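Counting from 1, the numbers follow the sequence of the chain as shown. Values in this document were obtained by computation on a predicted structure and should not be read as measured data.
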Amino acid sequence: MNKPFIIEDGYPFIAVPLVLALLAAYFINLYVAVVPLVLAAYFTYFFRNPHRIIPDDPSLLVSPADGTVVSVESVHEDLFLGQDCRKVVIFLSIFDAHVNRTPLSGVIKFQQYTCGRFRPAYQDGVGYENERYSIGIDNGRTQLLVTLIAGVLARRVVSWVTLGDALEHGQLYGMIKFGSCIEVYVQDNVEISVKKGDRVRGGESIIGRIVE
């Protein structure tokens, strides 16, 4: 999915403070205009869609977003996989690019949006309590579940895909507006290659590999 360098969802966030800056500069003074101008600059930075080089190897799982790996653990996933699996949790700060990419190619076999609370995304349990959007992907060799979780500042999860869509490796498919985290659940035929504390880049950093 092709998207501009600045995601369309950010246009209203950028335009409003820009207009306020112009009005402040015209009717008050330039110093007052600095505050909304800085805000417009931040929204431009936040809604960026940086170019990424996706690895050619289809057996590699790429990170769904920029951020920091905050946990890698064994869990039981009931929503889509229905089995014991491994979960990788990536936390996105308000300074990370918030566009999300699919970890591997495949077809969306499961989709669920859940309303919820807006606790800080780094706290335990937010995957069960906060607003979230999950998609289950099947590519024939393995299945995985990716869940986008809203945080204390993130009030909307945006998706540009739907059930039955075929996704390419590293394809853009959504974003979370402002601070948030992402959970990736993988089956046992995926070998995890990241650990807690690692910094990852969406679409480029390898988080796992399908093993036969």
Side-chain angles (χ1 to χ4, degrees), residues 42 45-50 52 54-55 60-81 83-104 110 112-137 142-159 170-210:
Y42 168 72
Y45 176 76
F46 178 84
F47 285 97
R48 70 196 185 280
N49 172 26
R52 296 293 161 81
I54 313 300
L60 298 177
L61 274 68
V62 296
S63 175
D66 293 13
T68 303
V69 177
V70 294
S71 74
V72 178
E73 57 185 310
S74 298
V75 297
H76 186 85
E77 200 289 303
D78 291 318
L79 205 59
F80 175 62
L81 300 178
Q83 63 184 70
D84 292 338
C85 61
R86 298 280 284 170
K87 179 177 74 170
V88 178
V89 182
I90 301 169
F91 173 72
L92 292 73
S93 78
I94 59 173
F95 299 106
D96 288 315
H98 271 53
V99 289
N100 306 133
R101 298 175 179 273
T102 177
L104 80 172
F110 173 83
Q112 183 181 84
Y113 173 81
T114 305
C115 294
R117 300 170 62 187
F118 298 98
R119 293 175 54 201
Y122 55 81
Q123 291 187 359
D124 292 338
V126 295
Y128 303 100
E129 298 181 17
N130 281 19
E131 175 187 346
R132 57 198 180 276
Y133 171 70
S134 301
I135 60 171
I137 301 173
T142 192
Q143 294 181 322
L144 59 81
L145 180 76
V146 185
T147 299
L148 312 182
I149 304 171
V152 65
L153 295 178
R155 297 288 167 160
R156 186 183 174 199
V157 177
V158 178
S159 173
Q171 176 182 326
L172 289 173
Y173 76 92
M175 75 177 300
I176 316 169
K177 293 181 179 179
F178 310 105
S180 48
C181 77
I182 296 180
E183 296 177 341
V184 183
Y185 298 83
V186 299
Q187 293 180 315
D188 58 8
N189 66 337
V190 171
E191 184 179 85
I192 301 298
S193 56
V194 291
K195 63 183 183 304
K196 182 178 179 179
D198 286 352
R199 283 286 301 172
V200 290
R201 287 163 56 89
E204 285 188 349
S205 298
I206 298 167
I207 63 170
R209 177 190 296 271
I210 301 174

Taking [Y]'s backbone N and O only, do any of them form a donor-acceptor pair with [X]'s side chain (distance below 3.5 Å, no angle check)?
| X | Y | answer |
| --- | --- | --- |
| Gln83 | Cys85 | no |
| Gln187 | Val190 | no |
| Asp198 | Val69 | no |
| Thr68 | Val70 | no |

Separation of [Y] [atom2] from [X] [atom1] (nearest 0.5 Å):
| X | Y | atom1 | atom2 | result |
| --- | --- | --- | --- | --- |
| Phe80 | Ile137 | CZ | CD1 | 8.5 Å |
| Leu148 | Ser159 | CG | OG | 8.0 Å |
| Glu204 | Ser63 | CD | OG | 10.0 Å |
| Tyr133 | Met175 | OH | CE | 14.5 Å |
| Thr142 | Ile210 | OG1 | CD1 | 5.5 Å |
| Ile207 | Leu60 | CD1 | CG | 10.5 Å |

Would [X] and [Y] count as having a side-chain donor-acceptor pair, cut-off 3.5 Å?
| X | Y | result |
| --- | --- | --- |
| Tyr173 | Thr102 | no |
| Thr147 | Ser134 | yes |
| Asn100 | His98 | no |

Do [X] and [Y] make a side-chain contact, defined as non-hydrogen atoms from C-beta onward lying under 4.5 Å apart?
| X | Y | result |
| --- | --- | --- |
| Lys196 | Ser71 | no |
| Asp66 | Arg52 | yes |
| Gln143 | Phe110 | no |
| Ile176 | Ile149 | no |
| Leu104 | Leu144 | yes |
| Val186 | Val88 | no |
| His76 | Tyr185 | no |
| Pro103 | Val146 | yes |

Checklist entry - Given Val72 and Arg86, is the side-chain contact (heavy atoms from CB on, under 4.5 Å) satisfied, shown in steps? => result CA-CA 7 Å; Val72 178; Arg86 298 280 284 170; 3.4 Å; yes
What pair of heavy atoms forms the shortest contact from [X] to [Y], and how long is it?
| X | Y | result |
| --- | --- | --- |
| Ala65 | Leu92 | CB-CD2, 3.8 Å |
| Gly170 | Val62 | CA-CG2, 4.1 Å |
| Ile54 | Gly203 | CD1-O, 3.2 Å |

Begin from the C-alpha positions of Leu79 and Leu145 and carry the test side-chain contact (heavy atoms from CB on, under 4.5 Å) through to its verdict.
CA-CA 8 Å; Leu79 205 59; Leu145 180 76; 4.3 Å; yes
Above 12 or not: heavy atoms from other molecules or residues under 6.0 Å from CZ of Arg209?
-> no
Salt bridge check, Arg199 against Asp96: does any charged N sit closer than 4.0 Å to a carboxylate O? yes
